[in-house]
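See structure below.
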Amino acid sequence: MVARRKTKRRTPPAPKAAAVVGTSARETGSGVPLDVVTPARDLSPDEYLKRLGFPGERPFTRGIRATMYRGRLWTMRQYAGFGTAKETNRRFKYLFKQGNEGLSVAFDLPTQMGYDSDAPMARGEVGRVGVAISSVEDMQTLLDGLPLDRVSTSMTINATAAILLALYVAAGEARGIARRSLRGTVQNDILKEYIARSTYIYPPAPSMRLALDVIEFCSREVPRWNAISVSGYHIREAGATAAQEIGFTLANGIAYLEAAVSRGLDVDTIAPQISFFFNAHIDLLEEIAKFRAARRLWATIMRERFHAKKPESLELRFHAQTAGVALTAQQPENNAVRVAIQALAGALGGAQSLHTNSMDEALSLPSEKAVRVALRTQQILAHESGVANTVDPVGGSFAIESLTDRLESEAVGLIRETDRRGGMLKAIETGWVQRQIADSAYRVQVELERGERTVVGVNAYAEGDESVPLPKTNPRLEPERIRQVRAFRAKRRQGEVDSHLHRLEDEARSDANLVPAILDSVRAHATLGEISDVLRAVFGTYKPRQAV
């Protein structure tokens, strides 16, 4: 038995009373005022129910399915990506054994930015924050033994979305799986990269063209695939409020649809292939209301602005992920509790699929034990908590409904202001959107530093030295990846590759849809970096504003 060193017990500082919820006991985490007293209802029960509507009916405030989780649970889709395709494939198979229901792929930064693993710009970043994918061979290794005809796959990729989609289609077809049978999502939301995440390559106009090429291609060739997942998640992670997350995300969705309609695409054909990706943050009631407000507002936008006819065109289908920005390196076990609360918000808010972060992700890529706890959190929520047994269990709550109304109203104001400024592209190019988010992030940081906002284990109830050993990156990973990419190039027919890349360049200079040419290029064994370099030569690269 190891003797324990006696330490002097000290009493942790208590938080200020006003910091219990957000900046005030009467505000949400985003600063939305909360009514203290529930007023007397001035509507009859029948009138009240009519106002709320029913789940599965327009405007879908209470959910897009009449039976919601009583008919089908949300998809448990754990996000994963580790150095090599082989290592990531092993993690996916482990997750399936643990009850995971959908694939979700995290890519490393070189893959996101259009560089092969052996490119000078990739040095030091290969496989660090996700899986490195340069070729169809890598994609085949990543998906080896996984039932692509029965499982849906989400790929968090934007600037190189068209290339990763082509690699996925080519890998499926090599196994005899028709592209029309493939199910999944490619994020393909380039606008939010200029707002919040910065993994862009090309200027906004050609980037929008590529995004629309994917939407058009999927509408014709991959009908079961979500061609775009409009992401509020990264906008929120950058510091946006709940209302800003709704407003700017739906404004991005409007921009994509307007561009698609201008191209001649039918709204009712493409709208069902658009999904959304939201952040499940820590303020439980506000997050539930946020999801409800977004769903209701999108139905209104689709009906009144785009005159959509099909009911499914009005449905806002969304994936939720618990908030990475809420994870703390201090006392990381506390993150398991935070994630459970955030996952509950996603379930009560009506998410169609959910990822729960692992408790150690503020420190490194998640360990096997931590990712199992994260998945078990969803399973306990689904099978033990009872929240899935009632359709919209929070519907009719005064706090929820009033927050829903307020968040929707604020989001509408942001969309109107975006329109007044010439639309989302212009609002991004002038830096207005980025300034709104930066201001919100600054306010939160100031509140934290003043002690007006409490984070348990960080600025209250902290311990002494809480250093945690960090796992080290395998030093052999990058040299091995470089060897693999160069070996792949050495065994192909270079003339055939060059021919397809020249065709891609010619089509990039025209107004042709580029996805077929990209697909032919990856079949001929062109790499992601080579295809991206062709497009860089034609489109140029984006230089961000120096100040917002």
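Below, each value reflects all heavy atoms present in this structure, side chains not excepted, and no hydrogens, waters or symmetry copies.
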Steps toward ring-ring contact (aromatic ring centres under 6.0 Å, His included) verdict (Tyr233, His319)
CA-CA 10 Å; Tyr233 183 87; His319 169 75; 8.6 Å; no
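- By the side-chain hydrogen bond (donor to acceptor under 3.5 Å, both in side chains) test, Thr527 pairs with Asp116, Glu530, sequence neighbours left out.
- Across every non-hydrogen atom of Gln342 and Ala323, the tightest pair is OE1-N, 3.1 Å.
- The aromatic ring centres of Phe276 and Trp298 sit less than 6.0 Å apart.
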Which is it for Arg536 and Asp533 under the salt bridge (charged side-chain N to carboxylate O under 4.0 Å, His left out) test, yes or no, and what are the steps along the way?
CA-CA 5 Å; Arg536 265 187 274 262; Asp533 284 343; 3.1 Å; yes
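- A cation-pi arrangement, defined by a distance under 6.0 Å to the six-membered ring centre and an angle within 45 degrees of its axis, is absent between Arg292 and Phe318.
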When you look at Tyr168 and Trp225, which way does the ring-ring contact (aromatic ring centres under 6.0 Å, His included) test go after all the steps?
CA-CA 12 Å; Tyr168 193 93; Trp225 197 271; 5.1 Å; yes
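- The closest donor-acceptor contact from the side chain of Glu101 to the backbone of Met76 lies under 3.5 Å.
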side-chain contact (heavy atoms from CB on, under 4.5 Å), that's the test. Do Arg492 and Gln494 meet it? Break it down for me.
CA-CA 6 Å; Arg492 66 190 183 176; Gln494 191 61 44; 3.2 Å; yes
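- Shown here is Arg72, whose CZ atom has no more than 12 heavy atoms of other residues, nucleotides or ligands within 6.0 Å.
- Counted within 6.0 Å of CZ on Arg503, heavy atoms from surrounding residues, nucleotides or ligands total more than 12; the atom is thus considered enclosed.
- Of the residues listed (Asn279, Asn357, Thr156, Thr356), the one engaging Gln321 in a side-chain contact (heavy atoms from CB on, under 4.5 Å) is Asn357, and it is the only one.
- Remark: Arg509 CZ is packed, more than 12 non-hydrogen atoms of other residues, nucleotides or ligands lying under 6.0 Å away.
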